[in-house]
Each structure stands twice: as structure tokens, then as C-alpha cells.
Number of protein chains: 2
Amino acid sequence: MARPREFDEVRAVDAAMRAFWTAGYEGTSTQDLCEVTGLGRSSIYNTFKSKRDLFGRALARYMEVKNAGLSELMESGLPVRQKIRTQFQRVIDEEFERGPEGGGCLVVHTAVEVAARDREVAGDLARDYQVRLAVIRTAIEAGQRDGDIARDKDSAALAHFVIATIAGLRISARVTPQRSVLESVADAAVSAL
Amino acid sequence: MARPREFDEVRAVDAAMRAFWTAGYEGTSTQDLCEVTGLGRSSIYNTFKSKRDLFGRALARYMEVKNAGLSELMESGLPVRQKIRTQFQRVIDEEFERGPEGGGCLVVHTAVEVAARDREVAGDLARDYQVRLAVIRTAIEAGQRDGDIARDKDSAALAHFVIATIAGLRISARVTPQRSVLESVADAAVSAL
DNA sequence: CGAATTTTGAACCACACAGTCCAAAATGAA
DNA sequence: TTCATTTTGGACTGTGTGGTTCAAAATTCG
């Protein structure tokens, strides 16, 4: 055998994820990646093929973590409307966690910055969208069976609407940093279910 | 006097606007700007202080044009719900005009790419948001007087909701390029008014 | 220990970037 | 025609980028 790694690959991806999260793909230099991971360039390029490759791993991890949280909520015992309102609230809280520099969503950032020029990333985003759609749609259909949501409504359309609202909240938060405004938007959206 | 300009400053800003529109601030190089405007570097740096300055001009022009269209629609004689549904439709159509590479919105792109690091731009976006808010809110209040929208609803909250929905449509369009999906989202949103 | 193997850090590379400079061309006024 | 003034194109600069190379250090196994 030979010399073992001095670092944990998962932790490195995690650190890279946070960097891309706050600065986007282009906004994060390889130097930045070295600093946040604490690794040297060689270690990074030995472990990951390229910046692009590391970004892919970081994006996948981001989606994994976020969707785990979403699924956990959507499969909870709460009434549907409350599930969805809670998800909206999580988004709002996350956007305001740190200052206007902080928040943001890697998926949204990637959708506007990278997706148009990179088919593979676009495919990843599309697949991730479908995952979120299915999870939310299932919860909505359960709600329809419970009588919380009208049965004649199209569950898929409502799920798309919920996803679009989340994105809308995130963009609005970048421009209008007032919690109360976003909460009123969330309330209005829930009333459309 | 001396040699006159060979180009029209407004046309140059317009060309720059289109470039930033499709590629964003960082994604548009000064070389790109030379090509789309047809000007040399000297002419650009003589007329505008910097890339950043030209971007500011381009962004302002974008807002001006877009808000003119919005105002015209909101001040038309249509019923409110139809005004808003039409605006949603315009956004959807615009996003699908060219391929997934094409569409996009300079304001959204700017909000996620540069607003977090540039206070002045963030201020411009915030001001623009207020303009759109006022225009939409006024239309909603007119609708309330006409009895098209319940009078006990908060017109400002609904206007914020409309703006967030537009942003949500735009982000969704980047990821899920199916017109029918976005149109169902638009319908769902209108039903919340 | 010593050989095989891997990681690591630092120097290095070519390139693209935003921005500057300057001489030549173009123009209008005198 | 000449002079003052401005525009224009192209060469240039310094910096930061993503990525490569390579020798030295570190480790495990025989």
C-alpha cells in the first residue's frame, strides 16, 4: 500500500458546496476552493477531475441534502397546507439567515448561471425538479384524499405551482429583504391550493 | 470643433443590454461588448467609464423598456385578472421565444449574480421592484373597486405575490421547458387573487 | 530497513480578462 | 489650408484564471 489521504473526500465536497452556494460557479475560483477545503491544488485535481467535476459533486450533494429535508417534511403527519406553508417558511428563514450576501439557493443560482450553457447540468437540474415535483405531488394527493384540497384540482399543476412559488420567494428575497412581505406572499400562495 | 462620433450611444447601450441579457455580467467580456456594439475598445471606454458603468446603463434601459410594457398593460381597459394573466403569458412567451439558451430576464439574472456583491446595483433593483409593485398594486386596487377582486384582501400583498410568481415562472422555465406546465402555474396563481 | 506507491506543495503554464496608451485619422473652425 | 480637437484601432499591461508538472515527503508492506 501507499500513503493514505489526509482529508475526508465528503468533507471536501461539502466545503466546496458551501463555496459554490454563496458565490456560484464562475464566482468561485480554484484558489477559493483550495482555501475552503484546506487542500492543495494537487490534492483537489487528484481527487476530482476538474473544477467542473467538483462542482457537479457539490451540486449533487446540495440536492441530496435539500431533498432529504423536503421529503421528511412532506411525509410527516401534518395537514398538507401546513406542510407546504412550513416549506415556504423554511425557504424564507433560510434566505434571511445571514445578511443579503448570505442566503441564496445553489439550484436557483445554477439554473440562471450555468444551465443555459451546460447540457449535463441542465439535465441534473431537470431530474432534481422531477424529484421535488413527485414528492410534493404525492403530498398534495394525500391531502386530496383527506379532503384538505379539492379533488377536482390537478395535483401536478399545484405541485408545479408550489415549486415556482419557492423559486419566486427566493428571487424576491434577493431584491426585497423584508420578511413580512415574503410571508404574505407565502400566505397568498397557500390560499391558491 | 472636432471629429464627431460615428455611432449612436443609445444603440450601443441597447446592443450591450442584449449581450448582458443573454450572458449576464460576468459572462459578457469587454471583447463581447466590442463585437455586439461594433465599436472599438477605445470608443467604449471613452464613452462609458467602465464595463460596470456600461452595465448600469444597460440595466437601466432594460428596466425602462420592460416597465413601459408592464405599465401599458396595467393601465389598459382589461379586467384585472386578465391583465395579470396576460402579463404571466408574456413572461412565458418570452422565456420560450428562443431555445433554452435564449430567454431569461436581466433583472433576475442580476439579482442572483451581482446584487449580493454590489450595493448600488442592489439599490437599482430594489427601486425597480418598487416601481413594478406600485403599477401592479394600482391595477389590483382598481380591480377591487370594480368588484373583480375581494376588497378585504391586501392589495400590496397580492402585488408582491404577482411579482414573485413572475420570478418563479422565469426560474421554472430555465429548468422545465414545457409551456403547458408554466401555463398551469399561471392559472393557479391567478386563482389566488 | 527498503522498495513500492501515493499524496502533497509549490512552481509553473498558457490564456483571457478589464483596462490603458498612443499615434494616426477625421473633422470643423478660422 | 492649417490648426485644434476628438475619435478610432491596435498594441500593450498587469492580474487572475483553470489546469499541469514534478520532486519531495509520507506511508504500508515485505
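By convention in this document, chain letters (A, B, ...) are assigned in the order of the sequence lines, proteins followed by strands, and residues within each chain are numbered from 1.
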(message) Holding to salt bridge (charged side-chain N to carboxylate O under 4.0 Å, His left out), I want the full list of residues that pass it with A:Glu64, two or more places apart in sequence or in another chain.
(response) A:Arg61
(message) Who clusters with A:Val108? Use side-chain heavy atoms, under 4.5 angstrom, across I, L, V, M, F, W and Y, and order the result by chain and number.
(response) A:Val112, A:Ile171, B:Val108, B:Val112, B:Ile171
(request) Please list, chain by chain and in numerical order, all residues satisfying salt bridge (charged side-chain N to carboxylate O under 4.0 Å, His left out) with A:Glu75, sequence neighbours excluded. (result) none
(message) Walk along nucleotides 10-15 of chain C from 5' to 3' and tag each nucleotide B, S or - by protein heavy-atom contact under 4.0 Å, base first, then sugar-phosphate.
(response) BB----
(message) Using a 4.5 Å cut-off between side-chain heavy atoms of Ile, Leu, Val, Met, Phe, Trp and Tyr, which other residues end up in the same hydrophobic cluster as A:Leu78?
(response) A:Leu73
(message) If you define the side chain from C-beta out and look only at heavy atoms, does anything of A:Asp187 sit under 4.5 Å from B:Phe161?
(response) no
(request) Could you tell me which residues satisfy side chain to side chain contact (heavy atoms under 4.5 Å, CB included) with A:Ala159, sequence neighbours excluded, listed by chain and number? (result) A:Leu133, A:Ile136, A:Arg137, A:Ile140
(request) Taking only heavy atoms on the protein side, list every residue of residues 26-35 of chain B lying under 4.0 Å from any atom of DNA chain C, sorted numerically. (result) B:Thr28, B:Ser29, B:Thr30
(request) Under 3.5 Å for both distances, Watson-Crick or G-U wobble, that's the pair rule; now give the dot-bracket for DNA chain D, with | marking pairs to another strand and [ ] for crossing ones. (result) ||||||||||||||||||||||||||||||
(request) Only counting residues at least two apart or in another chain, list the ones meeting salt bridge (charged side-chain N to carboxylate O under 4.0 Å, His left out) with A:Arg81. (result) none
(request) With sequence neighbours left out, write down each residue that passes salt bridge (charged side-chain N to carboxylate O under 4.0 Å, His left out) with A:Arg11, or none if nothing qualifies. (result) none
(message) Restricting to side chain to side chain contact (heavy atoms under 4.5 Å, CB included), what partner residues turn up for B:Arg41, sequence neighbours left out?
(response) B:Thr30, B:Gln31, B:Cys34
(message) Taking side-chain hydrogen bond (donor to acceptor under 3.5 Å, both in side chains) as the definition, give me every residue that meets it alongside A:Asp93, ordered by chain and number, with sequence neighbours left out.
(response) A:Gln89, A:Arg179
